[in-house]
Amino acid sequence: MSEYDPQALQAKWQQRWEEQETYRASEDPADPRERRYMLDMFPYPSGDLHMGHGEVFALGDVVARYWMQKGYNVLHPIGWDSFGLPAENAAIKRNAHPAEWTYANIETQANSFRRYGISFDWSRRLHTSDPDYFRWNQWLFIRFFERGLAYRKGGLVNWCPNDQTVLANEQVVAGKCERCGADVIRRELTQWYFKITDYAQRLLDDMEQLTGWPERLLTMQRNWIGRSEGADVLFEIEGRDEPVHVYTTRPDTLYGATFFVVAADAALADEIVTDEQRPAFEAYRAEVAKLSDIERLATDKEKTGVFLGRYAINPVNGERIPVWAADYVLSDYGHGAIMAVPAHDQRDLDFARKFDLPVKVVVHTGLADPGETGEATPGEGTLVNSGPLDGLTKTEAITKIIEILETQGRGTGAVNFRLRDWLLSRQRYWGTPIPIIHCPDCGEVPVPDEQLPVTLPDLRGEALAPKGVSPLASATEWVNVECPKCAGPAQRDTDTMDTFVDSSWYFLRYCSPGYNDGPFDPEQVRKWGPIDQYVGGIEHAVLHLLYSRFFTKVLHDMGMVDFTEPFQRMLNQGQVINGGKAMSKSLGNGVDLGQQIDDFGVDAVRLTMVFAGPPEDDIDWADVSPAASQKFLARALRVMSEVTSEPGVAFDGGDTELRKVTHHTIDEATKLIESQRFNVAVARMMELTSATRKAIDSGPGPADPAVREAAETLAVLLSLVAPYTAEEGWERLGRTGSVAFAGWPVADPALLVQESVTCVVQVAGKVRDRLEVSPDISEDELRALALASEKIAPYVQGMPRKVIVRAPKLVNIVP
RNA sequence: GCGUCCGUAGCCCAAUGGGAGAGGCAACGGCCUAAGGAGCCGUACGGUGCGGGUUCGAAUCCCGCCGGACGUACCA
């Protein structure tokens with residue numbers, strides 16, 4: 001290994017790339033190259049880079065470098081998602097300011113990135129915690145506010161008792177805080193929301209454009225948005241003036257509604273409960289409020305509820321049905337109230353059986369009576385006991401009943417979404433202040449644009465300790481301001497924005513990082529956007545990726561961008577694990593990226609990441625071998641170093657066998673990179689290396705032009721994965737300039753044709769003979785040749801029934 | 001429970017309706033060597049989770065199981 005000193009190569013080439021700004025994207029309007037935008041999800045600066053970063057950026061760099069080789073003008077920027085809780089927690093612990101920890105970590109990561117050799121355009125670097133950046137968060141917030149897309153409302157919200165802040169729906173995973181894993185509880189609070197639900201249908205429809213996204217990602221978003229079709233039906237409640245809306249996907253079963261359920265925490269329940277039932281109701285409601293989400297949503301949990309003492313009137317048949325309150329009905333979906341059809345809905349049936357409510361079958365499905373079996377029959381069938389719907393199928397009945405309801409003014413067809421509005425306020429310090437001033441006379445007044453940014457008051461240490469309200473509230477000098485409208489005494493909003501706001505548009509800022517007249521220069525965004533390839537973790541499937549799509553659509557509606565989807569292609573890399581488990585301190589199975597680099601070199605680590613398997617698969621570090629990668633790179637560099645011909649020599653006269661290998665490798669590697677099968681592309685590079693080695697040792701020798709061709713090809717292919725080794729090899733081959741821009745080789749079709757191919761002769765699908773034939777042999781010739789084979793004779797008596805010929809590779813004889 | 005994806009050599013993984021194996025790890029053998037954990041060359045290993053079906057032909061398509069991963073979870 002003495003010849004291959006990765007640390008020395010790294011030092012040498014890293015310096016040159018920096019001096020020459022090798023990877024800077026060109027802004028020159030005269031630059032004729034087509035533009036491409038390659039983006040990796042920007043990192044959060046929590047300490048140094050880890051193995052996960054190592055993987056994402058190694059993969060993203062393959063794409064960026066491939067495009068550079070192909071001659072595109074590539075934008076490949078880097079920045080930091082530098083607002084967020086960990087900085088705040090660190091600051092409390094160290095009695096410091098969050099910025100200290102944050103910016104120190106950013107420097108550490110930046111240095112690691114440089115060492116890691118990622119082809120970033122460093123001139124566009126941004127940090128979301130810079131006033132120059134978050135100023136535009138505030139500017140955008142105000143624009144959203146003006147359009148009615150940012151609003152404040154009271155209601156039950158998700159509260160993380162550990163982080164002492166509210167959370168958006170998307171940040172509650174299985175009832176737990178997405179960040180810290182604490183059980184989320186529900187609190188009644190007034191908070192800021194983005195009206196993402198206004199865009200639900202478009203978020204769904206525009207997924208058609210996302211042909212370059214993995215299917216599972218689209219599925220996750222589709223499920224999260226959760227569109228359903230049905231009807232809004234009006235139910236009168238005895239003793240209430242206004243009728244109550246319910247949403248149902250099964251209006252056809254309206255005749256089977258035997259009771260009515262209101263969410264226990266809905267205002268309606270509190271309003272209509274009779275005096276007699278009130279004590280029971282309030283006790284029940286208190287009981288429900290105590291449950292954590294985890295308990296409340298447990299699948300095997302028994303149905304609970306309480307009768308409200310009232311009756312609703314079924315609009316189609318005038319039946320009086322009892323109104324109950326229960327926690328299986330959610331207050332924030334639909335209208336927070338349902339008609340219960342126990343025969344055809346399992347949840348309603350469970351409830352009916354628990355509380356002895358009647359079960360009435362209205363769809364004959366051929367299955368046993370749900371009232372007897374306890375199994376609801378939600379499937380297809382024929383309507384019965386349903387007046388005008390009798391005899392119809394489910395689908396027909398749905399259409400018909402909606403028609404009837406609409407004619408009578410008792411309901412309409414309706415669409416509902418599972419998606420909720422995006423709760424964006426956070427009761428924490430290290431984020432973007434919400435640029436609103438609360439005035440007792442004027443209400444919510446946006447901070448005038450010219451006063452932006454609203455910067456954070458200087459708080460540190462204990463002052464940041466979570467106490468259930470934002471730390472900003474204690475900065476009285478900062479809080480108390482004049483109302484921009486009436487100049488009367490007023491107060492700043494003391495919450496900060498969810499950091500997902502920061503990341504919802506950062507990719508646009510990269511197009512014009514210093515721009516001062518808006519969040520981004522629309523002209524530059526038109527030139528670079530949308531992003532051609534985005535790389536990042538699947539964990540953002542319904543977080544960052546959904547929010548960014550929403551932001552892009554709003555910006556499109558504002559006329560600021562001319563596309564409606566920000567990310568054309570999406571690659572979700574897997575995770576790096578160790579020994580079958582996620583790396584963690586408690587398991588003690590962590591692997592340190594820096595240590596791996598020290599031990600094996602950057603290129604070997606990157607190669608290991610890329611070669612380990614398909615990019616979307618997890619990499620178990622216990623299953624792979626960076627040492628082996630290092631050996632391969634040493635071998636490749638040795639091959640490149642042993643070439644003795646001069647640069648520029650014509651390849652034509654070189655050894656044909658090796659040339660064919662080289663051109664096959666080019667052909668295959670190109671297709672493999674295009675289809676993101678990077679691991680297989682690396683395997684091809686290994687083959688080319690072996691073939692070249694053989695040619696030098698026991699073939700035409702190191703002076704043969706074909707050996708140079710193979711070695712130069714290897715350097716270029718390798719530059720996507722192992723840039724240091726590739727640069728060094730390129731230089732040793734006597735070439736000048738960075739190998740990064742050497743140009744992607746093109747396979748010569750003449751060298752791809754083979755003189756002969758092996759044709760397999762099968763009898764009844766079993767291989768019985770192999771023939772060497774010309775690749776352009778005709779079907780007839782091949783058939784004749786195969787039938788004449790002596791090896792097949794024992795298996796074929798007389799005329800075969802059928803002969804399938806797939807020239808030139810295969811003949812199958814069916815005797 | 002529902003949805004999506006996945007089961008190929010001891011291990012990581014190729015093969016996208018046509019020969020089961022490209023590449024790598026580990027193993028074994030040879031050459032080189034003072035020796036080697038370096039280098040070079042080579043060898044072996046499975047019939048594709050199980051059972052059906054479609055087809056001239058199935059790892060690949062369809063159905064049902066078994067096992068695993070991820071997502072989601074009272075959304076009316």
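Here is the naming used below: chain letters follow the sequence lines, and residue numbers restart at 1 for every chain.
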Any idea which of [options] is nearest the [X] side chain?
{"X": "Glu687(A)", "options": "G23(B), G18(B), A20(B)", "result": "G23(B)"}
{"X": "Asn812(A)", "options": "A76(B), G18(B), C13(B)", "result": "G18(B)"}
{"X": "Arg216(A)", "options": "A38(B), C70(B), A76(B)", "result": "C70(B)"}

If you look at every strand shown and take non-hydrogen atoms under 4.0 Å, does [X] touch a base, only sugar-phosphate, or nothing?
{"X": "Lys303(A)", "value": "base"}
{"X": "Arg420(A)", "value": "base"}
{"X": "Lys802(A)", "value": "sugar-phosphate"}
{"X": "Phe611(A)", "value": "base"}
{"X": "Thr758(A)", "value": "base"}

Using distance alone, with no hydrogens and no angle criterion, decide if Glu170(A) and Trp224(A) have a side-chain donor and acceptor under 3.5 Å apart.
yes
Under 3.5 Å, is there a donor on one side chain and an acceptor on the other for Ser690(A) and Arg635(A)?
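Arg635(A) and Ser690(A) do have a side-chain donor-acceptor pair below 3.5 Å.
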How far, in whole Å, is [M] from [N] if one measures between their [atom1] atoms?
{"N": "G23(B)", "M": "C65(B)", "atom1": "C1'", "value": "34 Å"}
{"N": "A58(B)", "M": "G51(B)", "atom1": "C1'", "value": "15 Å"}
{"N": "G3(B)", "M": "A44(B)", "atom1": "P", "value": "46 Å"}

Does Arg770(A) contact G19(B) through a side-chain donor or acceptor facing the base, at a distance under 3.5 Å?
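In this structure, the two groups form a donor-acceptor pair.
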Assess the pair Trp422(A) and Tyr547(A): is the distance between their ring centroids shorter than 6.0 Å?
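Yes, the ring of Trp422(A) comes within the 6.0 Å limit of the ring of Tyr547(A), centre to centre.
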With a cut-off of 6.0 Å (strictly less than), are more than 12 heavy atoms of other residues, nucleotides or ligands near NZ of Lys354(A)?
yes
